[in-house]
Amino acid sequence: MRSRTSGTASAVAAPMSRLARREARQGLLFILPWLIGFAVFTAVPMVATFVFTFLNISLAEQEPLRFVGLANYQRLFGDEQAWASLWVTARFALLWLPVVIALPFLLALAVNSKYVRGSGLLRVLLFMPYVVPFVASALIWENMLVDNGWINSALRFFGVAEPPSWLNDPTWVIPGLVMIGLWGVGSGIIINLAGLRGIPTQLYDAARLDGAGWWRQLRHVTIPMMSPVLFYTMILAVVEVMQYFLIPLVLFDGSGDPGGATRFFNLYLYQTFFTYQEMSYGSTLAWLLFVITLVVTLLLFRLSRRWVHYTSER
C-alpha cells in the first residue's frame with residue numbers, strides 16, 4: 001500500500017515531458033486572445049470600479065479627486081431609491097423567473113410530442129421572434145398594450161368590460177413587462193428541445209414496462225433527466241433579470257412611470273452613471289448588484305445538489 005501511494009505521488013510530481021510542455025504552450029497561445037480580452041474588458045474594469053467606490057469621481061468635476069473611504073457605501077445604505085429599485089427588480093423576478101423557465105420547457109414538450117404534426121415549422125415560428133431586435137419588439141408590444149391596443153380589444157371581445165391599463169397602472173405594468181419578455185423565449189425552447197432529444201429512449205421503454213403513464217414518465221424520467229438543462233436556464237434567467245433595464249428605458253424613457261413601478265435597479269445604476277455622471281456612486285451600485293447576483297447564484301448552486309441529477313453521477 002505504501003509503495004503504491006509513493007509511486008502515485010512520484011508520478012504526479014514527475015516533470016512534464018517536452019511534448020506536454022509544447023502542447024501546453026500551444027494551448028495557451030490559442031486562448032491568449034480570450035485572456036487578453038478578459039483582462040482588458042472585464043478584469044481591469046472590475047478592479048477599476050472597485051477602486052472608484054473609495055473615491056469621489058464625477059464627470060461634473062464639482063470638487064477635486066480625493067479618497068472618501070466608505071462614504072459611498074454609507075450613502076448606499078441610506079439611499080431609499082436604491083433599495084426601492086431593488087425591490088422593483090425582486091418583484092419582477094418573482095413573477096418572471098417561474099414563467100420564463102417553465103414556459104419554454106412546456107412548449108418544448110409540446111413541440112417534441114409525437115402527436116404534433118409540423119414540429120419543424122413550429123420550431124421556426126417559435127424561434128423567429130427571438131431574432132427580432134429587442135427595441136423594435138418593445139415598440140411593437142407598446143402598441144399592443146396601450147388601452148386601445150390589440151390585447152385590450154381582444155379582452156373586450158371576450159367580455160371583459162374594463163381591461164387592465166397595462167402601461168399606466170402600477171399594479172399591471174409588471175405583468176405587462178413579463179408578457180413582453182415572453183416574446184423572446186424561442187432560444188429557451190431550442191435549448192429544452194435539445195435536452196429532451198438527448199434523453200435515452202430506453203428509460204421511457206423501461207418506465208412503460210413498469211406501467212408508468214404519461215404523468216409518471218414526466219415526473220420520474222423527463223424532469224430528472226432535464227434538471228441540468230432547467231438549472232442552466234435558471235442561472236441564465238437570474239443573471240438576465242438582475243441586468244434588466246432596456247425595456248423600461250425604451251417604453252418609459254427611464255422615468256420609472258407609472259408611480260416608480262418600472263424603476264429597476266439596473267436602470268437606476270445606468271442613470272447614476274450616464275445621466276447624473278456620478279461614477280463613484282454608480283460603481284458602488286454596480287458592486288452591490290454583483291454581490292447580490294453572486295450570492296443568489298452560489299445559493300442556487302448549493303440547492304442544486306438536491307434536485308439536479310447528472311447522468312455521470314453514480
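Just so it is clear, the values below take in all heavy atoms, side chains as well, and ignore hydrogens, waters and symmetry mates.
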Just to verify, what does D79 make a side chain to side chain donor-acceptor pair (under 3.5 Å) with, not counting sequence neighbours?
Y268, Y281
If the condition is side chain to side chain donor-acceptor pair (under 3.5 Å), which residues does N266 pass it with, not counting sequence neighbours?
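With neighbours one apart ignored, the set is empty.
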Less than 3.5 Å apart, which donor and acceptor atoms pair up between the side chains of residues 71-78 and the rest of the protein, not counting sequence neighbours?
{"residue": "N72", "atom": "ND2", "partner": "T53", "partner atom": "O", "Å": "2.7"}
{"residue": "N72", "atom": "ND2", "partner": "L55", "partner atom": "O", "Å": "2.9"}
{"residue": "Y73", "atom": "OH", "partner": "T53", "partner atom": "OG1", "Å": "3.0"}
{"residue": "R75", "atom": "NH1", "partner": "E278", "partner atom": "OE1", "Å": "2.9"}
{"residue": "R75", "atom": "NH2", "partner": "E278", "partner atom": "OE1", "Å": "2.8"}

Near-ring test Y270/F245, centroid separation under 6.0 angstrom
yes
Flag the pair Y130 / F127 as yes when their ring centroid distance falls below 6.0 Å, and as no otherwise.
yes
Which heavy atom of [X] sits nearest to which heavy atom of [Y], and what is that distance?
X: S280; Y: I57; result: OG-N, 2.6 Å
X: A138; Y: I247; result: CB-CD1, 3.4 Å
X: R91; Y: P170; result: NH2-O, 4.1 Å
X: A39; Y: P45; result: O-CD, 4.2 Å

Would you be so kind as to tabulate the donor-acceptor pairs closer than 3.5 Å made by side chains of residues 145-160, with sequence neighbours excluded?
{"residue": "D147", "atom": "OD1", "partner": "S165", "partner atom": "OG", "Å": "3.0"}
{"residue": "N152", "atom": "OD1", "partner": "W166", "partner atom": "NE1", "Å": "2.9"}
{"residue": "N152", "atom": "ND2", "partner": "D147", "partner atom": "O", "Å": "3.2"}
{"residue": "N152", "atom": "ND2", "partner": "P164", "partner atom": "O", "Å": "3.1"}
{"residue": "S153", "atom": "OG", "partner": "G149", "partner atom": "O", "Å": "2.8"}
{"residue": "R156", "atom": "NH1", "partner": "D147", "partner atom": "O", "Å": "3.3"}
{"residue": "R156", "atom": "NH2", "partner": "D147", "partner atom": "O", "Å": "3.1"}

Are [X] and [Y] grouped together when hydrophobic residues (ILVMFWY) are joined by side-chain heavy atoms under 4.5 angstrom apart?
X: F30; Y: I36; answer: no
X: L167; Y: V135; answer: yes
X: L94; Y: F264; answer: no
X: W83; Y: W287; answer: yes
X: L32; Y: V44; answer: no

Spatial distance of atom [atom1] ([X]) from atom [atom2] ([Y]) [nearest 0.5 Å]:
X: R25; Y: E23; atom1: CZ; atom2: CD; value: 10.5 Å
X: I174; Y: F92; atom1: CD1; atom2: CZ; value: 6.5 Å
X: L126; Y: I190; atom1: CG; atom2: CD1; value: 8.0 Å
X: T284; Y: M279; atom1: OG1; atom2: CE; value: 11.5 Å
X: L196; Y: I191; atom1: CG; atom2: CD1; value: 12.0 Å
X: F54; Y: F67; atom1: CZ; atom2: CZ; value: 6.5 Å

For residues 233-240, which side-chain N or O atoms pair as donor and acceptor with protein atoms under 3.5 Å away, sequence neighbours left out?
{"residue": "T233", "atom": "OG1", "partner": "V229", "partner atom": "O", "Å": "3.3"}
{"residue": "T233", "atom": "OG1", "partner": "L230", "partner atom": "O", "Å": "2.8"}

More than 12 foreign heavy atoms under 6.0 Å from CD of E80: is that the case here?
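Incorrect, the count does not exceed 12.
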When Ile, Leu, Val, Met, Phe, Trp and Tyr are grouped by side-chain heavy atoms lying under 4.5 Å apart, directly or through other members, which residues fall in the same group as [X]?
X: W87; answer: none
X: M128; answer: L121, V124, L125
X: L35; answer: L28, I31, W34, F38

Is a side-chain N or O of [X] found less than 3.5 angstrom from the main chain of [Y], in a donor-acceptor match?
X: S227; Y: H309; value: yes
X: S137; Y: F134; value: yes
X: D169; Y: T171; value: yes

May I have the list of side-chain donor-acceptor pairs in residues 99-115 shorter than 3.5 Å, sequence neighbours left out?
{"residue": "N112", "atom": "OD1", "partner": "R197", "partner atom": "NE", "Å": "3.0"}
{"residue": "S113", "atom": "OG", "partner": "Y115", "partner atom": "N", "Å": "3.2"}

Less than 3.5 Å apart, any donor N or O on the side chain of S255 or D257 sitting next to an acceptor on the other?
yes
Go through R123 and L193 one step at a time and tell me if the side chain to side chain contact (heavy atoms under 4.5 Å, CB included) criterion holds.
CA-CA 9 Å; R123 288 199 304 269; L193 269 175; 3.2 Å; yes
Listed partners of R216 passing salt bridge (charged side-chain N to carboxylate O under 4.0 Å, His left out), at least two apart
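R216: no salt bridge (charged side-chain N to carboxylate O under 4.0 Å, His left out) contacts found.
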Could you check if a side-chain atom of [X] sits within less than 4.5 angstrom of a side-chain atom of [Y], using non-hydrogen atoms only?
X: W183; Y: V132; result: yes
X: R263; Y: P248; result: no
X: F265; Y: V88; result: no
X: L267; Y: S85; result: no

Could you list the donor-acceptor pairs under 3.5 angstrom formed between side-chain atoms of residues 294-308 and any protein atom two or more places apart in sequence or on another chain?
{"residue": "T297", "atom": "OG1", "partner": "T293", "partner atom": "O", "Å": "2.7"}
{"residue": "S304", "atom": "OG", "partner": "F301", "partner atom": "O", "Å": "2.5"}

Cut-off 3.5 Å, no hydrogens considered: what does the side-chain donor-acceptor table look like for residues 201-208, sequence neighbours left out?
{"residue": "Y204", "atom": "OH", "partner": "T222", "partner atom": "OG1", "Å": "2.7"}
{"residue": "D205", "atom": "OD1", "partner": "R208", "partner atom": "NH2", "Å": "2.5"}

